Amino acid sequence: MKASIDFKRQGDKQNSAFFEEWLGRLLEDRDRQGLTENIGRIDALMITVEPGHSAAYVHELCLMTPYNYLVTLETDQHSTHILRIDMNAPDVLVREVKDPNLHGIFRSLNEVYPVGAKRPNSRYMGEVFQVKNLHEVREVQKNREVRFFNQEQVRHLELPGNMAIVKPSPYTHNIVGYWERPDDDIRVYSLGVSSIRDDMQVAFEQAKVLREQLGLEQLLLPIDHLATRVYSQNRELAILEYLTLSSYYYWGSYDIPDQNSSTNVTKSVHYENVLNSPAKVFTAANHPYFCNHLIGQPSPTEAFVRNFGPRLHHIAVGVQDGHTHDQINIDYVVDALRNCGQKFLLQVIGSEQEGLKQIFSSASEHSSLIIEYVQRFGGFQGFFTKENVADLTAAAGADETLRSLDAEARA
Ligand SMILES: [Fe+2]
């Protein structure tokens, strides 16, 4: 197996000497301890929503992405709805808190942030990795000072009992889970009582009919990347921590000076195609907020983190390369969804010549997450062009400013 440090580096952003030293040391240690080999793909994502929101969110996801509703797992305090494309792409677990007064660790992560607190149960929780030997991963990671929820805590939190779950990261506030699953086995979550819920099935079927009528079924691909926003001072630490917890490698970082920001990409060492295990992207401002008055530039990334807390910002869904009728596929997809009332934060940006076109939807009122669509042309491997990222970041920032003002007005 290729060493995790040996992947070609992309990007133009300079890292500190600390980062470069510890990147090498941590990846070499991870390879040597067998973790890189043991930890496989991202096998599932977990998202929580407010009480009463999951049917609408299942409808939204099943219209805007290729996901299908499979089953609901009921526990005392939560309903967990399983969405799946197939066994080559991660499942999405939409978890609804039943009691609006329930207070738990994931809610606490929202509550100290002025806009995040307005929807205290809406957040992306984290991802679960498929591993070959769960006992070994847990023991090796414990020796590397990674902290796990114990079994009693996993039970209390009503998370699947067949997972080992790392406590929320101080840098991203996301969790990472591990579970053992041979490649030929189907995914089975040890959680509560399973049933196919009528309300979810109706929401899903309506979305799927619409998805087919609009001709989106053949155009939408699985998740391309997951983009997390962190405080400026945590950029390098968030990357290094994620590489410690996963079997991903450091792809590289691009500086976006216009938006006082950078985009930093990590990818699976096992899957060249991100559709099999999404890339994890970290975005951070280049300067902390208190420098902004001296720089005189916008700082949408730092503003987002101050308003919402460190968290996942968007899920990017791939769009099949090609044309539908006389339109480029991504333009066709966006027009079709716009005609159904879906809002987007800007026009589709980028071009075939640059290698990719992208757009952000407006944030979901159920999960606070944005869906990005990304179409790559002719096998382009990049994640963005600098102009695209600057435009996307600016559009999201303008929207968040409006939402934070709105939240203040309602406070
Ligand atoms: Fe993105």
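What you are looking at is a predicted structure, and each value in this text was computed from that prediction instead of being measured. Just so you know, ligand 1 is whichever comes first in the structure, and atom 1 is the first atom listed for that ligand.
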Whether over 12 other heavy atoms sit under 6.0 Å from H156 NE2:
no
Is the number of heavy atoms from other residues, nucleotides or ligands within 6.0 Å of CZ (R147) greater than 12?
no
Any N/O/S atom from D224 (main chain or side chain) under 2.8 Å of the Fe ion (ligand 1)?
no
Would one find more than 12 heavy atoms of other residues, nucleotides or ligands at under 6.0 Å from atom CD of E28?
yes
Would a line drawn from the ring center of F7 to the ring center of Y249 be shorter than 6.0 Å?
yes
Atom name of the N, O or S atom in H314 that lies nearest to the Fe ion (ligand 1)
NE2
Working to 10°, measure the angle at the Fe ion (ligand 1) formed by atom NE2 of H225 and atom OE1 of E372.
100°
